[in-house]
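See structure below.
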Amino acid sequence: MKKHNFYAGPAILPKEVIRQASKAAINFNDSGLSILEISHRSPGFTAVMEEAESLTRELLGINDDYAVLFLTGGASSQFYMSAMNLLAADGKACYVDTGAWSTKAVKEAKHFGNVEVIASSKDKNYNYIPKRYKVPTDATYLHLTSNNTIFGTAHNWWPDTDVPFVCDMSSDIFSRPLDINRFGMIYAGAQKNLGPAGVTLVIIRKDMLGKVDRAIPTMLDYNTHITKGSAFNTPPVFPIYVSMLTMRWIKAKGGVAEMAKKNKSKGGLLYREIESNPLFKGTAAKKDRSLMNVTFLLEKPELEAEFLAMCAAAGCVGVKGHRSVGGFRASIYNAMPRASVKVLTEVMQDLAKKHG
Ligand SMILES: *Cc1c(COP(=O)(O)O)cnc(C)c1O
């Protein structure tokens, strides 16, 4: 049966990307070798790394003031690595607390300098994005989580400040165009909207570096990876390759502007169903709703098992919500076809016909 993959992460990748990746796992570029068994310093893989970087730059409009890195350790390692490299011991970084991932970022940054949480939506179980807060002008950076994977909220606007953003974009990178100049640093674990687990994309404006005087272990120093083109040690070659294939796919589809258009259309379809269907209600404030992770509840929670069984029967997998929100979460990343979202809305309609 055809599956419709709504998992939050690791998550859906374009079918063509999976096909190409499978082929390369057996015979990479007709070399007679698998991509899994060639040197990361071979011309074949070096070309992959270069293309991954140049596609990142092209798709997001990133100039040479920024370095583009492919690192290991997940987005979670960037929680501490960013502060370790950017935040002086007597410096101050501001954080907006919009959910579980932000909270973890705050905790790790506190190891290195003064961390001020200037706004939080914890009071309403993170169902909105805080607004109208002031960003102190002496902050080194403002840390934001652009898309809150668990709570289904997103920054659909950006704070008005000259303080550079350090932004966790793990679950919405490449989902829409960016004004890169607002960002001092962006990081994203690949496994939501870019590729397989195992690689983290880091984009960093080089002038953010060199402002701390603490000793930084070699592997945790961004400069190491900038100098060595993300190949100081063995990089995660297969995740980088598959991420590169996904970026080729995004480019062929018309780039991030086209992704944004499609994401709006898909998100619109699902949110309209949630609003019009008498059995369901959304959890996120309307203005702050995510187009990547759509969170919703049943008006009658006793129907939950039945709804999930109907989803499974229709091939919809990964719809169960995160335990901290409950209900359901449909992750509809770039690679999710609109037709699959349609299938889910039809299951919701079928449930309403039975119980409405
Ligand atoms: C999944 C996720 C993370 C954690 O990523 P890892 O690569 O597992 O460390 C961090 N931030 C956000 C927004 C996420 O969605």
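Model, not experiment: these values are computed from the prediction. First listed ligand is number 1; within each ligand, the first listed atom is number 1. Count residues from 1 along the sequence.
- Residue contact annotation: N147 has a non-hydrogen atom under 4.0 Å from ligand 1.
- Ring to ring, F151 and Y128 are not that close: their centroids are 6.0 angstrom or more apart.
- Of all protein heavy atoms, the one lying nearest to atom 9 (O) of ligand 1 is S76 OG, 2.6 Å.
- Closest heavy-atom contact between L279 and N277: N-OD1, 2.9 Å.
- One option in T98, D168, N293 has a heavy atom closer to atom 13 (C) of ligand 1 than any other, and that option is D168.
- Between A75 and ligand 1, an N or O atom pair is found at a separation short of 3.5 Å.
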Could you pull out all donor-acceptor pairs under 3.5 Å where a side-chain atom in residues 100-119 meets a protein atom, sequence neighbours excluded?
from	atom 1	to	atom 2	distance (Å)
S102	OG	T98	N	3.2
S102	OG	T98	OG1	3.1
S102	OG	T145	OG1	2.8
T103	OG1	D97	OD1	3.1
T103	OG1	G99	O	2.8
N114	ND2	G91	O	2.9

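- Taking every heavy atom of G74 and a limit of under 4.0 angstrom, the matching atoms of ligand 1 come to 7 (O), 9 (O).
- Nearest to atom 1 (C) of ligand 1 among the protein's heavy atoms is K192 NZ, 1.5 Å.
- Between D350 and K354 no salt bridge is recorded (no basic side-chain N to carboxylate O distance below 4.0 Å).
- At least one heavy atom of Q191 sits closer than 4.0 Å to an atom of ligand 1.
- Residues in residues 198-211 take part in these salt bridge (charged side-chain N to carboxylate O under 4.0 Å, His left out) pairs, two or more places apart or across chains: R205-D207.
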Derivation and outcome, ring pair (Phe, Tyr, Trp, His ring centres under 6.0 Å), residues Y95 and F79
CA-CA 12 Å; Y95 280 66; F79 296 158; 9.2 Å; no
